[in-house]
There are 2 protein chains.
Amino acid sequence: MSQKGAGVDLDKSLGYLLKEASSALRVAMEEVLRPLGMSVTHYSCLELLAQRPGLSNSELARGAFVTRQSMNVLLQTLERDGYVTRPAAAPVGKALPTRLTPRGRRSLEKATVAVRSVEVRMLSGMTGAEQSRAFGILQGMIDSLRADEGGA
Amino acid sequence: MSQKGAGVDLDKSLGYLLKEASSALRVAMEEVLRPLGMSVTHYSCLELLAQRPGLSNSELARGAFVTRQSMNVLLQTLERDGYVTRPAAAPVGKALPTRLTPRGRRSLEKATVAVRSVEVRMLSGMTGAEQSRAFGILQGMIDSLRADEGGA
DNA sequence: TGACTCATGTCAGCATTCTGACATACCGTG
DNA sequence: CACGGTATGTCAGAATGCTGACATGAGTCA
């Protein structure tokens with residue numbers, strides 16, 4: 001148990017372990033994205049747009065787990081730098097469907113390779129069956145946490 | 001991105017799911033800590049000190065997954081408000097061992113109850129065996145992610 | 001002993017994200 | 001049609017965390 005020099009002998013709870021795993025993933029992603037001049041949220045936004053073109057600012061925010069205000073700031077930068085485009089006026093309602101530009105797509109391609117290598121490293125040493133179990137376990141945690149949260 | 005899942009509607013990668021789970025946990029914790037006027041980092045710091053009294057600022061920072069600069073700001077606030085104490089001079093080296101005050105301990109007790117309820121909710125629906133598997137899986141991910149990161 | 005390396009605490013500046021607030025646009029019900 | 005409820009985009013201010021930098025103390029090694 002007590003291996004880390006800095007550390008904590010405390011018997012870790014699953015909550016702490018989840019936070020630690022997420023932190024390790026974030027650090028690893030930042031490390032490979034930094035040379036590309038891209039942050040994790042930056043990459044998440046582009047990846048979401050590649051998979052589901054036309055997402056609105058609010059939808060992107062929910063997908064990247066930030067507020068729509070934060071995503072709006074990011075989108076303004078991405079639009080200014082030519083990675084995404086948004087129509088000047090909303091075709092319906094107030095939502096502005098966002099799309100990747102060719103430049104955004106090219107930028108994303110490099111980032112995807114880098115991020116995929118991190119995920120491969122994270123899953124190294126796990127069998128396919130373990131990955132499936134991990135999927136089910138994490139999804140179950142999410143569902144339980146959000147169970148009475150919205151309705152409370 | 002779709003991989004060989006066990007039949008799940010897997011548009012999500014395990015990395016994304018990990019981020020989603022961590023986000024859900026953070027949101028749930030913030031929700032129950034807000035009435036106590038406490039942030040997640042705030043609580044983490046107190047909890048670490050309860051389990052390992054005398055941790056230094058840098059050690060607390062690593063345990064809470066923030067920089068030592070950020071933890072320093074928090075510690076100054078906690079010290080000013082009487083939740084923790086630090087000696088004016090370092091007994092050895094530069095590290096200042098931090099300890100909870102009785103007030104800090106009382107504040108932590110309420111928070112611990114609240115946070116534990118969140119963790120219980122997160123683990124509801126999981127068997128003991130599944131929790132053990134989750135523990136092993138998350139620890140494995142952390143180890144793999146940090147494998148060549150620190151050494152490279 | 002002196003030089004080097006490493007860890008720590010701390011200050012300053014910057015970046016990112018959040019909370020609060022407002023106006024607008026759709027949709028349901030009456 | 002009018003009304004409330006919900007969702008969206010956006011602006012402004014504040015909180016939080018991070019990077020860069022510096023000085024100090026301890027350990028290592030020649």
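This is a predicted model, so every value here is computed, not measured. Quick note on labels: first sequence line is chain A, next is B, and so on, each numbered from 1.
Remark: C1' of dT24(C) and CG of Asn57(A) are 15 Å apart, rounded to the nearest angstrom. Between the P atom of dT17(C) and the CG atom of Leu75(A) lies a distance of 12 Å, rounded to the nearest Å. The separation between Glu31(B) atom CD and dT19(C) atom P is 12 Å, rounded to whole Å.
Counting only N and O atoms by type, the side chains of Glu47(B) and Ser44(B) include no donor and acceptor under 3.5 Å apart. Judged by distance alone, the side chains of Glu20(B) and Ser23(B) never bring a donor and an acceptor atom under 3.5 Å apart.
The two residues Val40(B) and Arg26(B) come nearest to each other via the heavy atoms CG2-O, 4.3 Å. Closest of all the heavy-atom pairs between Ala95(A) and Ser56(A) is CB-CB, 3.8 Å.
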query = Going through the checks in order, is the salt bridge (charged side-chain N to carboxylate O under 4.0 Å, His left out) test met by Arg105(B) and Glu109(B)?
reply = CA-CA 6 Å; Arg105(B) 225 176 308 272; Glu109(B) 283 176 13; over 6 Å; no
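The shortest distance between side-chain heavy atoms of Leu78(B) and His42(B) falls below 4.5 Å. Within the 4.5 Å cutoff, no side-chain heavy atoms of Lys19(A) are placed close to those of Met29(B).
A donor-acceptor pair under 3.5 Å is absent between the side-chain atoms of Tyr43(A) and the main chain of Val115(A), judged by distance alone.
Nearest nucleotide to the Leu96(B) side chain, out of dC26(C), dG9(C), dG9(D): dG9(C).
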remark   = The contact string for nucleotides 11-24 of chain D, one letter per nucleotide 5' to 3', using protein heavy atoms under 4.0 Å with B, S and - for base, sugar-phosphate only and none, comes out as B-----SBBBB-BB
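Within residues 77-88 of chain B, no residue has any heavy atom closer than 4.0 Å to DNA chain D.
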